[in-house]
K.L.:
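Have a look at the structure that comes next, please.
Atoms within each ligand, like the ligands themselves, are counted from 1 in listed order. What you see below is based on every heavy atom in this structure, not just the backbone, and it leaves out hydrogens, waters and symmetry mates. Since the model is a prediction, treat every value here as computed from it, not as a measurement. Residues take their numbers from the sequence shown, with the count starting at 1.
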Amino acid sequence: MLRDAADALEAAYDVIVAGAGTGGCVVAGRLAAAGLSVLLVEAGPPDTADPAIADAGAWVGLLGGPCDWGYAYAPAPEVAGRAIAIPRGRVLGGSSSINAMLWNRGHPSDYDGWAAAGATGWDFASVLPYFRRAEDWEGGETPLRGAGGPLRIETSHDPHPVARALLAAAAERGMPVLADANGPDNAGAALANLNKRGARRWSVVDGYIRPLAGDPKLTILTGATVLGLLVSGSVCSGLRLGLERGIAEVRARREVVLTLGAIGTPALLMRSGIGAPADLARLGIAPRHALPGVGQNLQDHPLLMGINFSARAPLGPVRDNGGGAQLNWRSRPGLRAPDLHAFVVQGPHAGPEIAATADLSGPVFAVSPGLMGSTSVGSLRLESAESDGPITLRPNFLAEPADRAALAGAVDTILDLADTAAFRDLGAVPLTPARRLGRSEADAFVARACSTFFHTCGTCAMGTGPAAVVDPALNLHGVAGLRVADASVIPTIPTGNTQAAVVMIAERAADLIRNAAG
Ligand SMILES: Cc1cc2nc3c(=O)[nH]c(=O)nc-3n(C[C@H](O)[C@H](O)[C@H](O)COP(=O)(O)OP(=O)(O)OC[C@H]3O[C@@H](n4cnc5c(N)ncnc54)[C@H](O)[C@@H]3O)c2cc1C
């Protein structure tokens, strides 16, 4: 259905978009719809390769499979010496095709903070139109929400008993229960906003690419690896591609947009000679342009996979994305925004270390908290110049004592929530942990339960300082004809899940490119 260009690659396109993930599909779809000729290049297969992609309740089964790049964060003492798997979509739609579909913008002050730190023009008032433009919110248009846009956003229409219990428990504990998780205030419990239509995932492919099926302006090349940038002097003119039939070069008449994600984009820049000179020298890569921020500033949200409860009776089949309700709250008074976020899981939620400490068979559910206000910052390091060479990823989870303290407190908050009539009605009994923990026990639990919210970002940060990789118009500093429009440009991780922020960035990138092209 979608046009695949393997046999009919043209020598040049107006714009080449490298990586058909969340950012890439938005940019390519918008630009092709505006009449520019666009080539969209993707290493993975079409998103029809696995029927589980379309099933909103089946995403967990995609992790570690053929549509996942299968990265891992390096072991670190703060997480009890464990490697933590960090999936990334390797398929049309990228991570939007395998993610948990949560649509949360975070807090307005997140974006005001970007602008204050040098991403001029990215304050909340300036980015709100791009969030709204992307949305087809089931609740209809409001000053904060969009309707009629490409991305369908719905809440559960028949929430799972555990999702209902979270809302009722929050009310019992005196926490706000919100009509809309992306409404005027995000502190409180709410039904989750999900990129779905009924029981079907609604990815960026559904929203931005499928409507263009058959449009000659959009050429999609799947199964093609971007190997390098074609740069002469300080101008990028195209890409070197690895195709089944061999290596090919393709040119952009106007510009190249990198949307390979927060791991793929800095890796490609470094392999193309753009990065910290010492890194390039270590790898034996001929330096082309010094940009020391490439691969630095890696951020993610730590998530505890581990607060499990038994229920009196089976809770029924999986609904929605396997969750359905969420809670945002502040770990301490005075914070500008809620820094803690928890969601329900309609079954057990534990890595092997936690699962080994209790019997998690039978009717079990979880309430999993994560730290959306994490302050730990890490880095990405290429270990080889080869296009499929190893990459060391260090998010430095829990390196900051404040992050550990906030998550230890979150465990208590979840146990308090479960000790309410709402959860007692389900017969909830804590399994892991089985009781309240003292502070040192809680620290050990947090270290063993710590996993990822899958929100890797920040490795080609936008800004104007010496560590910035792109400017506020998303142009690479020092190389013309090259922009970045994916999670790597996020300067500071927002206090919400990251795909909404990436869609917003890509919507704006399309505007910037269109205006520059026109
Ligand atoms: C399992 C999982 C669950 C998540 N859950 C949520 C959630 O519920 N809500 C939320 O907001 N966020 C969630 N996220 C995070 C969110 O999906 C990402 O932040 C966002 O999708 C990143 O978009 P991106 O465009 O930066 O990268 P991606 O969407 O990952 O796109 C990068 C694309 O580039 C391609 N690519 C990379 N290298 C090459 C190469 N050399 N050649 C060709 N192609 C290449 C990849 O295959 C991929 O298609 C989740 C992520 C994962 C993985």
Side-chain angles (χ1 to χ4, degrees), residues 17-27 40-47 56 59-65 67-71 85-106 151 153 192-196 201 203-205 221-229 239-243 257-269 271-272 299-301 303 321-323 326 341 343 370 372 387-388 391 451-460 484-490 493-494 496-506 509:
V17 180
T22 309
C25 288
V26 175
V27 172
L40 177 61
V41 184
E42 169 57 39
D47 67 341
W59 66 275
V60 175
L62 296 165
L63 311 188
C67 293
D68 175 5
W69 286 86
Y71 293 109
I86 178 66
R88 295 288 92 187
R90 187 178 186 279
V91 59
L92 196 65
S95 299
S96 158
S97 289
I98 68 164
N99 72 15
M101 291 154 282
L102 288 155
W103 180 265
N104 284 313
R105 292 188 305 241
L151 288 181
I153 301 169
N193 279 204
L194 297 167
N195 295 113
K196 69 177 189 68
R201 173 190 297 275
S203 73
V204 289
V205 184
L221 191 56
T222 52
T225 305
V226 180
L227 298 174
L229 298 171
L239 296 178
R240 195 158 46 83
L241 303 177
L243 308 178
V257 188
L258 295 184
T259 48
L260 302 162
I263 299 173
T265 290
L268 183 82
L269 287 173
R271 289 179 185 129
S272 304
Q299 296 168 58
D300 192 358
H301 294 131
L303 165 73
N321 68 338
Q326 63 183 44
H341 172 97
F343 57 87
M372 293 299 198
S387 68
D388 55 356
I391 301 176
S451 182
T452 164
F453 240 114
F454 310 123
H455 293 162
T456 319
C457 66
T459 46
C460 294
V484 183
D486 59 23
S488 67
V489 305
I490 291 176
I493 192 165
N497 317 63
T498 41
Q499 76 166 340
V502 173
V503 168
M504 174 277 287
I505 289 165

K.L.:
Report the nearest protein non-hydrogen atom to atom 5 (N) of ligand 1: residue, atom name, distance rounded to 0.1 Å.
P.N.:
A100 N, 3.1 Å
K.L.:
Using modelled atom types only, decide if a donor and an acceptor are shared between the side chain of W69 and the backbone of G89 within a distance under 3.5 Å.
P.N.:
yes
K.L.:
Verify, without hydrogens or angle tests, whether S97 (side chain) and D47 (backbone) share a donor-acceptor contact under 3.5 angstrom.
P.N.:
no
K.L.:
Which ligand 1 atoms does G94 reach within 4.0 Å, using its non-hydrogen atoms?
P.N.:
29 (O), 48 (C), 49 (O)
K.L.:
N/O of W103 under 3.5 Å from N/O of ligand 1, yes or no?
P.N.:
no
K.L.:
Looking at E42 and T222, would you say the former's side chain and the latter's main chain have a donor-acceptor pair under 3.5 Å?
P.N.:
no
K.L.:
Can you find an N or O of M101 that's nearer than 3.5 Å to an N or O of ligand 1?
P.N.:
yes
K.L.:
Which is it for T259 and ligand 1 at heavy atoms under 4.0 Å: side chain, backbone, both or neither?
P.N.:
backbone
K.L.:
May I have the step-by-step check of side chain to side chain donor-acceptor pair (under 3.5 Å) for N104 and Q326, ending in yes or no?
P.N.:
CA-CA 11 Å; N104 284 313; Q326 63 183 44; 3.1 Å; yes
K.L.:
Backbone N or O of H455 within a donor-acceptor pair of the D300 side chain at under 3.5 Å?
P.N.:
yes
K.L.:
Considering only heavy atoms of G261, which atoms of ligand 1 have at least one such atom less than 4.0 Å away?
P.N.:
26 (O), 27 (O), 32 (C)
K.L.:
Of the non-hydrogen atoms in L194 and A100, which two are nearest, and what is the gap between them?
P.N.:
CD2-O, 4.0 Å
K.L.:
Polar contacts were defined as any N/O atom of the residue lying under 3.5 Å from an N/O atom of the ligand; does this apply to T22 and ligand 1?
P.N.:
yes
K.L.:
Let me confirm one number: the OG1-CG distance from T225 to L243, rounded to the nearest 0.5 Å.
P.N.:
8.5 Å
K.L.:
Is any N or O atom of G44, backbone or side chain, closer than 3.5 Å to an N or O atom of ligand 1?
P.N.:
no
K.L.:
Just jot down the ligand 1 atoms closer than 4.0 angstrom to any heavy atom of G23, in number order.
P.N.:
25 (O)
K.L.:
Can an N or O of G24 be found at a distance shorter than 3.5 Å from an N or O of ligand 1?
P.N.:
no
K.L.:
Of all the non-hydrogen atoms in the protein, which one sits nearest to atom 41 (N) of ligand 1, and at what distance?
P.N.:
V226 O, 3.2 Å
K.L.:
Is W69 in contact with ligand 1, taking contact as a heavy-atom separation below 4.0 Å?
P.N.:
yes
K.L.:
Can you report which non-hydrogen protein atom sits closest to atom 15 (C) of ligand 1, along with the distance?
P.N.:
F454 O, 3.2 Å
K.L.:
If I apply the N/O under 3.5 Å rule, does D486 come out as touching ligand 1?
P.N.:
no
K.L.:
Around atom 9 (N) of ligand 1, find the nearest protein heavy atom and jot down its residue, atom name and distance.
P.N.:
L102 O, 2.8 Å
K.L.:
Just by modelled atom types, is the P266 backbone N or O under 3.5 Å from a matching donor or acceptor in the T459 side chain?
P.N.:
no
K.L.:
Any chance the side chains of T265 and D486 put a donor and an acceptor closer than 3.5 Å?
P.N.:
yes
K.L.:
Tell me whether W103 contacts the main-chain N or O of I153 through its side chain, where contact means a donor paired with an acceptor under 3.5 Å.
P.N.:
no
K.L.:
May I ask you to check if ligand 1 and A487 share an N or O to N or O distance below 3.5 Å?
P.N.:
yes
K.L.:
Check if V502 has a non-hydrogen atom at a distance under 4.0 Å from any atom of ligand 1.
P.N.:
yes
K.L.:
Quick one: nearest non-hydrogen protein atom to atom 44 (N) of ligand 1, plus distance?
P.N.:
A43 N, 3.1 Å
K.L.:
Quick check: closest heavy atoms across I98 and C67, and the distance to 0.1 Å?
P.N.:
CG2-O, 4.1 Å
K.L.:
For ligand 1, which atoms, with element, lie under 4.0 Å from some heavy atom of L63?
P.N.:
1 (C)
K.L.:
Ignoring angles and geometry beyond distance, decide whether G264 reaches within less than 3.5 Å of ligand 1 through its nitrogen or oxygen atoms.
P.N.:
no
K.L.:
In terms of residue, atom name and distance, what is the protein heavy atom nearest to atom 53 (C) of ligand 1?
P.N.:
P87 O, 3.1 Å
K.L.:
Is there a donor-acceptor contact under 3.5 Å from the side chain of H301 to the main chain of F453?
P.N.:
no
K.L.:
Does V91 have a non-hydrogen atom less than 4.0 Å from ligand 1?
P.N.:
yes
K.L.:
What is the minimum heavy-atom distance between T259 and G19, and which atoms define it?
P.N.:
OG1-O, 2.7 Å
K.L.:
Pick, from L260, L221, D68, the option with the minimum heavy-atom distance to atom 39 (C) of ligand 1.
P.N.:
L260
K.L.:
Can you tell if the side chain of T456 reaches within under 4.5 Å of the side chain of R88, non-hydrogen atoms only?
P.N.:
yes
K.L.:
Identify, for atom 6 (C) of ligand 1, the protein heavy atom at the shortest distance, and state residue, atom and that distance.
P.N.:
N99 CB, 3.6 Å
K.L.:
Between ligand 1 and Q499, is the shortest N or O to N or O distance under 3.5 Å?
P.N.:
yes
K.L.:
How far does CG of L92 sit from OG of S203, to the nearest 0.5 angstrom?
P.N.:
7.5 Å
K.L.:
Is the shortest distance from a heavy atom of A224 to ligand 1 less than 4.0 Å?
P.N.:
yes
K.L.:
Using atom types as modelled and distance alone, determine if a side-chain donor or acceptor of Q299 lies under 3.5 Å from a backbone N or O of G458.
P.N.:
no
K.L.:
Ligand 1 and S95, any nitrogen or oxygen pair closer than 3.5 angstrom?
P.N.:
yes
K.L.:
For atom 18 (C) of ligand 1, what is the nearest protein heavy atom, given as residue, atom name and distance?
P.N.:
T498 OG1, 3.9 Å
K.L.:
Going by the order shown, which atoms of ligand 1 are within less than 4.0 Å of some heavy atom of G89?
P.N.:
46 (C), 47 (O), 48 (C), 49 (O)
K.L.:
Testing the 3.5 Å rule here: is there a donor-acceptor pair between the side chains of N99 and R201?
P.N.:
yes
K.L.:
Suppose I only count heavy atoms of R90 and a 4.0 Å limit; which atoms of ligand 1 are within that range?
P.N.:
47 (O)
